[in-house]
Number of protein chains: 2
Amino acid sequence: MQFGERIKELRESKELLQRQLAASLEIDTPMYSKLERGERRAKREQVLLLADLLDADVHDLLTIWLADQVYDLVKDEEDAQKALRVAEERVTYKTQKKR
Amino acid sequence: MQFGERIKELRESKELLQRQLAASLEIDTPMYSKLERGERRAKREQVLLLADLLDADVHDLLTIWLADQVYDLVKDEEDAQKALRVAEERVTYKTQKKR
DNA sequence: TTAAATTGGCCAAATATTGACAAGTCATAA
DNA sequence: TTATGACTTGTCAATATTTGGCCAATTTAA
């Protein structure tokens, strides 16, 4: 499930129109449409707003929003899986470290 | 181990100077120095060249080069780990699929 | 101290991203 | 059929980011 599909699903379940969400995000409807279709990427700030407007869990939305970007970055690489594991280890290490 | 550290290590083990590799990559020495320090990101094409020049395994270099980018993308996000796992699943799925 | 190697800072050129707009499709209603 | 509303598509200019070169500063080795 990608970010765009997810917000579309949420929007429809709340019976909202694209133009309503677009207005709340202060972008035009075509732009909002592109967010749902994954043609354009939402800004982080817009993700937060959308979570609020759609009564969705912010972390869930941020997670797939981020995952979209990560996937985009690695999708054409043969070494994608290895790279993701390396990155994951670094994140784990960083998290364990006390700061 | 990050990409920059790795190529520095390889370069030193072959007793090459930054300016020699810089010349091969057709960039200036300061720029090459930045690649080693991770201040600038190498282009994919430069990674391939470096693997060749340093007798290193292309996939190893590409892996850490990619991992650097992924890490950069997620490092400040609380949901980084979850996002990486989601992205990994997608890659796995994509790989399994016959095309 | 000198020379070579490396690093840091800054700027302009190239590239990519962004959002707005106009025009399009599609479905449904009158 | 025509009209209307929802959504999509394509294009453009403005903006932001990335890139590499240059110069100067710093570090290292002798």
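Convention: sequence-line order gives letters A, B, ...; per-chain numbering from 1.
- The phosphate of D/dT8 has OP1 or OP2 within less than 4.0 Å of a side-chain N or O from A/Ser33.
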Can you give me the N/O atom pairs linking the protein to nucleotides 27-30 of chain C at distances under 3.5 Å, or say none if there are none?
none

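- Remark: nothing in residues 4-18 of chain B comes within less than 4.0 Å of DNA chain D through any heavy atom.
- Rounded to the nearest 0.5 Å, atoms CD (A/Gln20) and OG1 (A/Thr29) are 10.0 Å apart.
- A/Arg37 comes within 4.0 angstrom of a base, heavy atoms only.
- Without hydrogens or angle criteria, A/Lys94 side chain to B/Lys75 main chain gives a donor-acceptor distance under 3.5 Å.
- Judged purely by atom type and a 3.5 angstrom limit, B/Arg40 has no side-chain atom pairing as donor or acceptor with the backbone of B/Leu35.
- Inter-residue side-chain proximity for B/Arg90 and A/Asp68 is flagged as met; some heavy-atom pair is nearer than 4.5 Å.
- At least one donor-acceptor pair under 3.5 Å links the side chain of A/Glu5 to the backbone N or O of A/Gln2.
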Grab the N/O contacts between the protein and nucleotides 15-22 of chain D below 3.5 Å, and write none if there aren't any.
from   : atom 1 : to      : atom 2 : distance (Å)
D/dG20 : OP1    : B/Lys43 : NZ     : 3.3
D/dG20 : N7     : B/Arg40 : NH1    : 2.7
D/dG20 : O6     : B/Arg40 : NH2    : 3.2
D/dG21 : OP2    : B/Asp28 : N      : 3.2
D/dG21 : O6     : B/Lys34 : NZ     : 3.3

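- A donor-acceptor pair under 3.5 Å is formed between the side chain of B/Asp28 and the backbone N or O of B/Met31.
- Residue B/Arg19 contributes atom CZ, which lies 8 Å from atom P of C/dT6 at whole-angstrom precision.
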* Kindly indicate, with the supporting measurements, whether the criterion side chain to side chain contact (heavy atoms under 4.5 Å, CB included) is fulfilled by B/Trp65 and B/Leu62. => CA-CA 5 Å; B/Trp65 169 78; B/Leu62 281 174; 3.8 Å; yes

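- A distance-only check finds no donor-acceptor pair linking the side chain of B/Asp79 to the backbone of B/Lys82 [under 3.5 Å].
- Counting only N and O atoms by type, the side chains of B/Tyr32 and B/Glu36 include a donor and acceptor under 3.5 Å apart.
- For the pair A/Leu61/A/Leu48, no side-chain contact is recorded, criterion being any heavy-atom separation below 4.5 Å from C-beta on.
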